[in-house]
Asks: 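Dropping a structure here in structure tokens format, bear with me for questions.
Chain identifiers are assigned alphabetically (A, B, ...) following the order of the sequence lines, protein sequences preceding nucleic acid strands; residue numbering begins at 1 within each chain. None of these values were measured; they are calculated from a predicted model.
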Amino acid sequence: MVAMFQEDNGTSSVASSPLQVFSTMSLNRPTLLASSSPFHCLKDLKPEERGLYLIHLLLTCANHVASGSLQNANAALEQLSHLAAPDGDTMQRIAAYFTEALANRILKSWPGLYKALNATQIRTNNVSEEIHVRRLFFEMFPILKVSYLLTNRAILEAMEGEKMVHVVDLDASEPAQWLALIQAFNSRPEGPPHLRITGVHHQKEVLEQMAHRLIEEAEKLDIPFQFNPVVGRLDCLNVELLRVKTGEALAVSSVLQLHTFLASDDDLMRKNCALRFQNNPSGVDLQRVLMMSHGSAAEAHENDMSNNGYSPSGDSASSLPLPSSGRTDGFLNAIWGLSPKVMVVTEQDSDHNGSTLMERLLESLYTYAALFDCLETKVPRTSQDRIKVEKMLFGEEIKNIIACEGFERRERHEKLEKWSQRIDLAGFGNVPLSYYAMLQARRLLQGCGFDGYRIKEESGCAVICWQDRPLYSVSAWRCRK
Amino acid sequence: MAASSSSAASFFGVRQDDQSHLLPPNSSAAAPPPPPPHHQTPLPPLEAPPQKKKRNQPRTPNSDAEVIALSPKTLMATNRFICEVCNKGFQREQNLQLHRRGHNLPWKLKQKSTKEVKRKVYLCPEPSCVHHDPSRALGDLTGIKKHYYRKHGEKKWKCDKCSKRYAVQSDWKAHSKTCGTKEYRCDCGTLFSRRDSFITHRAFCDALAQESARHPTSLTSLPSHHFPYGQNTNNSNNNTSSMILGLSHMGAPQNHDHQSGDVLRLGSGGGGAASRSSSDLIAANASGYFMQEQSPSFHDQQDHHHHHQQGFLAANNNIKPSPMSFQQNLMQFSHDNHNSASSNLFNLSFLSGNNGVTSATSNPNAANAAAVSSGNLMISNHFDGENAVGGGGGGEGSTGLFPNNLMSSADRISSGSVPSLFSSSMQNPNSAPHMSATALLQKAAQMGSTSSNNNNGSNNNNNNNNASSILRSFGSGIYGENESNLQDLMNSFSNPGATGNVNGVDSPFGSYGGVNKGLSADKQSMTRDFLGVGQIVRSMSGSGGFQQQQQQQQQQQQQQHGNSRERVGSSSDSADRSSMNVNTGGGPASTSPPYGIHHASF
């Protein structure tokens, strides 16, 4: 056991993380722990102790899940479920979702079981619910507001004097942003431009709703306006569909979308991970681990045949600063080909794309702790809306980060630094956000009861932080000639 | 110019000629001198918003334009052309002529002359008006009429809805059509009927307005206010009020910025990464809850909050004879902290906590960012204790130490200060003191990092010190010497002043009064100067990681022990010692691993 985790530490890039140590140092006596802490004792824990214990349990459990030892993981999960609660205090809530995610992950190593359990799951694509949650996120957090504000400012500044403006929204789910832009354009000194907005979204209803709202507003203001809906997933977006015309000034807005392109780039890496498990003396579990990776690897391969951009060696992903990512590069290049005057990118500013489960768990624990803390300060614990956001938005993200691999794992949030490199390599140059934009954003945070949030400026980009934990980044780019 | 002015002068004469008509008295002779005869676009009707830009631009009248000055009476006259048959009035002579045709009267329409009609420009009769100057004459008759009405006439037309008045009927009509239909309301509460003024306003009210623009007229699903949650938190006494939000209001309102700034600076000043400071604050809030719960008279504190700095200083004076050495002592802990006395409150708590951690590990290097921060975390939990003891040290010991009087004594002596710092965060009815998830994670990481430091040399031998053992020890209070690191830490959290020293016995888990043991008289005298520090450190040590209740018990117990000064001496002793630890243990982690020092045993 000890040897195993030492090795894990040796190869993992987060071995230095204190939390990691926190977990490993408790690994020696999981059974002792289980036996010496009867559940009734757990109930009496004070919140702080319980919180620490939950963290410890999560890390322990994750280690077992990573090593594929079902029995130990099961024991940890059992304790976790006793302590975690989706309606409890912040740590309990977080733990509830991480517990679920870990359980999901280990269950996936038994594909039969996993599929059987999910066989009757109703695949409702409940559009309104999805929109509602997104809406709640918009309301409860200042993040989208700040992102929209900065994006719009960047677009306005880039489009100064332009008579024909075309804005492409890669995630057309929120009309508010463009309503604001239309109004801002309308009040600019040189008068409004001819404005065209192309919205990409996979749900037709969302786009229809958006078109309705925007057209209404544009008519009210008497601005020449056109909305161009593109129904479809961003992944398989054909840039032709954006119908970018010569002569118009193009702006591209991507809010929390780019990271999905990183998905599926790591097939080989996962195989290597599986190989690494072979060295572990975990015996019986090995087969399941391999089965799992084979199963999903094959699936992923089908989706990924055309993209040969991934690196030949999986391990390089953790050692090189920037793993090559064929689809991302492809997409960025395609956008570059349209030569937008400005492209504004909002991304989660976290490192949730680590190659090992532990890396991702540790990082995401921090991030979601901060996000859940945000909610704790604003919304009462009993609020159904809060639970909705936590479950349907963050819970799903956590599940995706923790339980999924390969093409399935879409929530591959990465730090601004890496995005900057990528976007830079794709031929874009950074456009520093203007002083005025930053000022406005800061005032938005100040003026609207969003205490605890901060905006940090990082080489011309904005990083929205909760306290001091960076959560989201906004950066603006232009085509380099 | 001379020409133009002279011509103007001559027009004034004309003005007196009341009934005179459109005919210029002096006509083109008046045309001012040279200007380039560029095209003269007919001026648009006055005040027509879209063309505003052109309106007032100074222009050079065409040399061939007739400049006409009309009397106010002429300008105000309606229907000057009267039909002698039916007395119907017309504004234009042409119309009258057409009308006369209906009466079978002789009529004569002016023929359009083949030669080019001379352009006419009109002056405003009001001498103070800019359009009184020929160079700014207006280009059409209707324009000058409306101008005269609007600017120099009576506003006879009143809108019933908004009471706005207009001098020109058509303006009033146009307004009536839209009045009430278009309203622009800024989030700041101001109402605008005109879009442009609204936009102008937004430029000043931008951030908010940006937001309001975002939900202009109902984004359907949105309720009327845009920030329901934010508003909730700000206004309400209900449980949404948050710890973090409270933080930002920590300081007395009038110092708000300064105060919290201090807190942050301090948090990072001690060597903790800036990123950790926030968690201190968070935890600090937790102590706010304590106070709220147990002090029914708490609201009194708020009256004093603005005195908190002075109050605290005063308390310092009461408590300890030598503030200077007190400061110096602090300096030993952290050279980064050179804060003024006004921030002592924070210094103290911060440093003593730091002290606790470092003494526990006996290794300043190990007191890395994480360690420091968690020290802070713990400390902040003890503000209340600090308060109470501060009161005791000020000579109010007997009452001050009783839990029920905690706040009142503090109130009297030192510190409306501390509790009021957290006053705004106290409305959360969640009864349990709560640590944010972020803070918990940092604490866990801190434990991990400490343990990793310890494990550097010794590998995994010491791995008893895991979180689970901590957990067990929470309940049982049983420690082995080998279960070192984390328990040490936990101890040090709870007993920052006392751990790792002579007073190893004081496990908060087992013995509340433990701190008091192991005192000796010489130590007291030796550390008398640091009474203040000791007080605080000790009181912090009393409550680490524990519920208020325990602390209260402890204090009661102390009370039974007798004279508070004595205890103060002892605890300050431990503070002193830990500071010495810091100084001497400046080497690498290996020099004095925490488990080597810590002799806690039960």
Side-chain angles (χ1 to χ4, degrees), chain A residues 2 17-22 25-26 28-29 32-33 36-37 41 45-49 51-53 55-56 89-91 94 132 135 139-140 145 148-149 175-177 179-180 183-184 187 213 217 365-366 369-370 372-373 376-380 440 443-444 447-452 467-469, chain B residues 199 206-208 210-211 213-216 219 221-222 227-234 238-240 242-245 247-248 274-279 370 430 432-438 440-441 443-449 451-452 455 460 463 465-468 470-472 474-475 545 547:
Chain A
V2 171
S17 157
L19 252 194
Q20 176 89 338
V21 181
F22 182 69
M25 69 192 189
S26 48
N28 271 6
R29 16 189 298 194
L32 229 177
L33 167 71
S36 68
S37 306
C41 276
L45 289 176
K46 286 161 193 115
E48 189 185 324
E49 298 160 7
L52 283 173
Y53 191 38
I55 296 169
H56 161 72
D89 66 29
T90 334
M91 202 61 227
I94 299 165
H132 182 56
R135 186 81 225 174
E139 286 167 21
M140 291 181 185
K145 298 178 218 260
Y148 293 161
L149 188 149
Q177 177 179 11
L179 289 174
Q183 301 195 348
S187 57
R213 292 284 302 115
E217 180 70 15
L365 257 181
Y366 276 115
F372 277 61
D373 279 345
E376 174 79 7
T377 65
K378 274 207 167 298
V379 195
Q440 270 193 326
R443 281 164 78 174
L444 173 71
C448 303
F450 290 117
D451 300 275
Q467 305 295 359
D468 289 298
R469 158 106 358 209
Chain B
I199 286 165
D206 46 14
L208 270 172
Q210 195 78 16
E211 207 35 53
R214 196 145 284 152
H215 314 279
L219 274 179
S221 69
L222 263 187
F227 301 102
Y229 299 98
Q231 285 172 358
N232 230 357
T233 355
N234 286 337
N238 68 24
N239 57 0
T240 56
S242 67
M243 306 195 317
I244 308 301
L245 273 181
L247 279 175
S248 61
S275 64
R276 311 291 175 162
S277 56
S278 56
S279 47
N430 293 333
H434 180 66
M435 217 173 171
S436 74
T438 315
L440 281 170
L441 276 171
K443 188 169 169 184
Q446 188 268 320
M447 292 162 131
S449 76
S451 116
S452 75
N455 286 341
N460 284 330
N463 270 348
N465 48 6
N466 53 36
S468 52
I470 291 170
L471 258 294
R472 284 197 301 124
F474 280 153
Q547 303 269 321

Asks: Kindly give the heavy-atom pair with the smallest separation between B:Ala437 and A:Asp373, and that separation in Å.
Replies: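 Heavy atoms of B:Ala437 and A:Asp373 come nearest at N-OD1, 3.0 Å.
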Asks: First locate atom CE of A:Met91, then atom OG1 of B:Thr438, and finally report the distance between them rounded to the nearest 0.5 Å.
Replies: 9.5 Å
Asks: Shortest non-hydrogen contact from A:Glu48 to B:Leu440?
Replies: O-CD2, 3.5 Å
Asks: Roughly how far, to the nearest 0.5 Å, is CG of A:Leu365 from CG of B:Leu441?
Replies: 5.5 Å
